[in-house]
Asks: 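Have a look at this one.
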Amino acid sequence: MSDSSVLAAERREIVGTRAAREVRNAGRIPASLQADAESPHVDISIDEREFLASRRQHVHLYDIDVEGDVSAAIVRELQWDAFGDNIIHVEFRRVQRGVEIESEVALRTVGQADGVVNLLVSQITIRSIPAAQP
């Protein structure tokens, strides 16, 4: 498992449904990079195969290269199509390496209970450095 993955991104000047459909037809995923204190919000597109390959390798921290400007980021939200087959949008959150952040993590149960299990919490807030997030 590698610490981070570099994603080459292209800036998107035109946003909207029709423009996003054209981006997807070209084998790319529409995405956005959230603003922080130092950098503005940027609408981008990333290569679909490259992103899915890094997700299969359980990479959580990305170096997003937008026309020479590299930002460390984690995936804040993935939006899937109605069937759950294809990613239609990725929202990235800028982070700083080695600085702890708070994030929501979904709980997943494993195994089988002998009785009735009632989970009152489906997600928890954790505090960790971006490279060590589960």
Side-chain angles (χ1 to χ4, degrees):
M1 181 170 100
S2 67
D3 181 51
S4 68
S5 178
V6 177
L7 289 177
E10 295 175 3
R11 191 177 299 267
R12 291 188 304 141
E13 300 299 328
I14 303 171
V15 294
T17 304
R18 187 173 291 169
R21 189 176 301 130
E22 290 174 6
V23 167
R24 286 187 210 101
N25 288 339
R28 301 186 65 78
I29 301 173
S32 61
L33 192 55
Q34 283 186 336
D36 64 357
E38 302 156 1
S39 304
H41 171 88
V42 180
D43 290 311
I44 58 175
S45 68
I46 56 175
D47 185 73
E48 182 178 24
R49 285 188 290 162
E50 188 178 331
F51 179 70
L52 293 176
S54 68
R55 295 292 288 183
R56 281 191 296 275
Q57 295 173 359
H58 304 285
V59 173
H60 296 287
L61 181 62
Y62 295 92
D63 290 321
I64 300 177
D65 183 1
V66 183
E67 300 169 355
D69 183 25
V70 179
S71 299
I74 60 171
V75 174
R76 181 180 170 272
E77 181 181 6
L78 286 175
Q79 294 176 6
W80 296 85
D81 67 356
F83 299 110
D85 295 334
N86 299 313
I87 297 173
I88 59 172
H89 190 268
V90 181
E91 186 159 339
F92 290 100
R93 174 182 172 193
R94 283 188 171 105
V95 294
Q96 293 179 359
R97 292 181 181 277
V99 177
E100 286 187 343
I101 59 170
E102 282 189 4
S103 46
E104 298 286 326
V105 176
L107 296 178
R108 186 177 66 183
T109 57
V110 178
Q112 189 172 11
D114 290 335
V116 176
V117 176
N118 187 9
L119 296 176
L120 300 175
V121 177
S122 62
Q123 60 185 3
I124 59 172
T125 302
I126 63 165
R127 193 169 175 82
S128 68
I129 59 173
Q133 280 199 331

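Keep in mind it's a predicted model, so treat the numbers as computed, not measured.
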Asks: Does Ile74 share a hydrophobic cluster with Ile126, counting links as ILVMFWY side-chain heavy atoms below 4.5 Å and allowing steps through other members?
Replies: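 No, no single cluster joins them.
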Asks: So how far is it from Glu77 CD to Gln34 CD, rounded to the nearest 0.5 Å?
Replies: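 Output value for this atom pair is 9.5 Å.
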Asks: Assess whether a salt bridge exists between Asp69 and Arg11, defined as any Lys/Arg side-chain N lying under 4.0 Å from an Asp/Glu carboxylate O.
Replies: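 Judged by the 4.0 Å cut-off on N to carboxylate O distance, Asp69 and Arg11 do not form a salt bridge.
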Asks: More than 12 heavy atoms of other residues, nucleotides or ligands under 6.0 Å from CD1 of Ile14: is that the case?
Replies: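 Result for CD1/Ile14: open.
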Asks: Do any N or O atoms from the side chain of Ser39 and from the backbone of Asp36 form a donor-acceptor pair under 3.5 angstrom?
Replies: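 Not at all, since once roles are kept as given, no pair shorter than 3.5 Å links the two residues.
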Asks: Which residues pass the ring-ring contact (aromatic ring centres under 6.0 Å, His included) test with Phe92, not counting sequence neighbours?
Replies: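 Residues passing ring-ring contact (aromatic ring centres under 6.0 Å, His included) with Phe92: Tyr62.
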Asks: Check whether any side-chain N or O of Arg24 sits under 3.5 Å from a backbone N or O of Pro30 as a donor-acceptor pair, and report yes or no.
Replies: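 Not at all, since once roles are kept as given, no pair shorter than 3.5 Å links the two residues.
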Asks: Using the rule that Ile, Leu, Val, Met, Phe, Trp and Tyr join whenever any side-chain heavy atoms are under 4.5 Å apart, tell me whether Val70 and Ile44 fall into a single cluster.
Replies: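 Each belongs to a different hydrophobic cluster.
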Asks: For residues Ile87 and Leu52, determine if any side-chain heavy atom of one lies less than 4.5 Å from a side-chain heavy atom of the other.
Replies: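 Side chain of Ile87 against side chain of Leu52, heavy atoms only: contact under 4.5 Å found.
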Asks: Side-chain contact, heavy-atom cut-off 4.5 Å: Leu61 with Arg97?
Replies: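 The answer is yes, as the side chains (C-beta and beyond) meet within the 4.5 Å cut-off.
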Asks: Before you tell me yes or no, could you show the steps for Arg94 and Glu38 under side chain to side chain contact (heavy atoms under 4.5 Å, CB included), namely the whole-Å CA-CA distance, both residues' side-chain angles and the distance that decides it to 0.1 Å?
Replies: CA-CA 10 Å; Arg94 283 188 171 105; Glu38 302 156 1; over 6 Å; no
Asks: Say whether, by atom type as modelled, one donor and one acceptor occur between the side chain of Arg127 and the main chain of Ile101 under 3.5 angstrom.
Replies: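 Side chain of Arg127 to backbone of Ile101, a donor-acceptor pair under 3.5 Å: no, none is there.
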